[in-house]
Amino acid sequence: MKAKFILAAIATVFSVGAFAQTSASNAAVTQVKQDNKEIRQENREIRRDKRDISQDKKEIGQDRKARNADQRAEDADIKKGDMTDAQKMEKRREHEQHEINKEKRDLNKDRKDLHHDRHERNADVKERNHDAAKIK
């Protein structure tokens, strides 16, 4: 009788260990799935940010074209001797340049944020890979 009891106790101890490994494995799988979801979300955000940065670059290029046209008009007015129109064009050009500088600062901030997002995503990928390596 004692032998059966001891065997049952030993079997219970081993089976508890097996259940514990299964739950740890399930937790690791769940963590990896959650990490994958977060990584996909971050990838979407990064692509969206890259698209926005590209559009901002195009807008800055168009603004520069407008500024350069204003500069040419100002130069033509000066050449004709029309100083009042030249001064108006100069004010307009300065305003355009101010807007371009503001957009460039915003673009640089967006690039910095994108770099930070990529860094975070790479850290998440590393963590996910670490968690996935634990799965047996």
Side-chain angles (χ1 to χ4, degrees):
M1 183 88 146
K2 284 185 178 182
K4 288 182 182 180
F5 181 70
I6 291 173
L7 288 175
I10 292 172
T12 306
V13 169
F14 285 120
S15 64
V16 170
F19 289 128
Q21 288 177 355
T22 304
S23 65
S25 178
N26 287 340
V29 170
T30 304
Q31 183 63 43
V32 168
K33 287 181 180 181
Q34 182 181 359
D35 291 345
N36 283 339
K37 182 179 178 182
E38 290 173 5
I39 289 167
R40 283 192 299 273
Q41 178 75 21
E42 289 174 358
N43 283 337
R44 274 188 233 109
E45 291 174 6
I46 287 170
R47 283 192 300 272
R48 204 174 307 124
D49 290 345
K50 283 175 65 175
R51 186 189 67 228
D52 292 344
I53 287 172
S54 177
Q55 289 173 349
D56 290 346
K57 281 178 156 178
K58 288 178 185 178
E59 289 176 10
I60 288 173
Q62 292 171 349
D63 291 344
R64 284 181 175 161
K65 286 180 182 178
R67 182 210 49 209
N68 291 341
D70 290 343
Q71 179 67 51
R72 286 190 296 276
E74 180 185 344
D75 292 342
D77 287 341
I78 289 173
K79 191 172 184 179
K80 288 190 297 187
D82 190 2
M83 296 308 285
T84 55
D85 280 345
Q87 289 176 345
K88 288 179 186 176
M89 294 307 272
E90 180 182 16
K91 296 274 187 204
R92 186 172 170 188
R93 184 180 49 82
E94 287 175 353
H95 178 71
E96 225 19 76
Q97 184 61 46
H98 178 72
E99 291 296 317
I100 290 171
N101 290 342
K102 181 179 175 185
E103 289 175 6
K104 282 173 57 177
R105 284 190 298 273
D106 289 344
L107 180 63
N108 287 333
K109 183 181 180 293
D110 291 344
R111 284 180 179 161
K112 184 179 177 182
D113 290 344
L114 178 62
H115 176 74
H116 184 263
D117 290 345
R118 284 180 175 160
H119 183 72
E120 282 183 358
R121 189 238 359 237
N122 291 340
D124 288 345
V125 168
K126 184 178 178 181
E127 180 182 340
R128 187 257 334 253
N129 292 342
H130 184 278
D131 290 341
K134 292 180 181 177
I135 299 173
K136 301 274 180 192

Could you tell me the separation between the [atom1] atom of [X] and the [atom2] atom of [Y], rounded to the nearest 0.5 Å?
X      : Y      : atom1 : atom2 : value
Asp63  : Gln97  : CG    : CD    : 10.0 Å
Asp124 : His119 : CG    : NE2   : 10.0 Å
Asp75  : Glu90  : CG    : CD    : 10.5 Å
Glu42  : Asn122 : CD    : CG    : 9.5 Å
Lys104 : Glu99  : NZ    : CD    : 13.5 Å

task = Could you pull out the closest heavy-atom pair between Ala86 and Ile78, with the gap in Å?
result =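 Closest approach of Ala86 to Ile78, heavy atoms only: CB-CG1, 3.6 Å.
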request  = Start with the C-alpha distance between Asp117 and Arg121, add both sets of side-chain angles, then the distance that settles salt bridge (Lys or Arg N to Asp or Glu O under 4.0 Å), and finish with yes or no.
outcome  = CA-CA 6 Å; Asp117 290 345; Arg121 189 238 359 237; over 6 Å; no
query = Salt bridge check: are Lys80 and Asp77 linked by an N-O gap of less than 4.0 Å?
reply =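 Yes.
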ask   = Taking NZ, NE, NH1 and NH2 as the nitrogens, is one of them in Asp113 or Lys109 under 4.0 Å from a carboxylate oxygen of the other?
value =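 Result for this pair is yes, salt bridge flagged.
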Under 4.5 Å between any side-chain heavy atoms of [X] and [Y], yes or no?
X      : Y      : result
His130 : Lys126 : no
Arg72  : Asn68  : yes
Asp56  : Asp110 : yes
Glu74  : Gln71  : yes
Arg40  : Arg44  : yes
Gln55  : Lys58  : no
Glu120 : His116 : yes

request  = Verify side chain to side chain contact (heavy atoms under 4.5 Å, CB included) between Val29 and Lys33, making sure each step is shown before the conclusion.
outcome  = CA-CA 6 Å; Val29 170; Lys33 287 181 180 181; 3.8 Å; yes
message = I need the single residue from Lys65, Met89, Lys88 that forms a side-chain contact (heavy atoms from CB on, under 4.5 Å) with Asp70. Which is it?
response =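 It is Met89, the one option of Lys65, Met89, Lys88 that forms the side-chain contact (heavy atoms from CB on, under 4.5 Å) with Asp70.
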Side chain to side chain contact (heavy atoms under 4.5 Å, CB included) evaluation trace for Asp131 with Arg128 = CA-CA 5 Å; Asp131 290 341; Arg128 187 257 334 253; 5.7 Å; no
query = Is it true that atom CZ of Arg67 has more than 12 heavy atoms of other residues, nucleotides or ligands lying nearer than 6.0 Å?
reply =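 For Arg67, atom CZ is crowded (more than 12 foreign heavy atoms under 6.0 Å).
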task = Linking directly or through intermediates, with side-chain heavy atoms under 4.5 Å: list the remaining ILVMFWY members grouped with Leu114, chain and number order.
result =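 Leu114 shares its hydrophobic cluster with Ile46, Ile53, Ile60, Ile100, Leu107.
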message = For the backbone of Asn26 and the side chain of Thr30, can you confirm whether one donor and one acceptor N or O come within less than 3.5 Å of each other?
response =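 Judged by distance alone, yes, a pair lies under 3.5 Å.
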ask   = Going through the checks in order, is the side chain to side chain contact (heavy atoms under 4.5 Å, CB included) test met by Arg105 and Asn101?
value = CA-CA 6 Å; Arg105 284 190 298 273; Asn101 290 342; 3.9 Å; yes
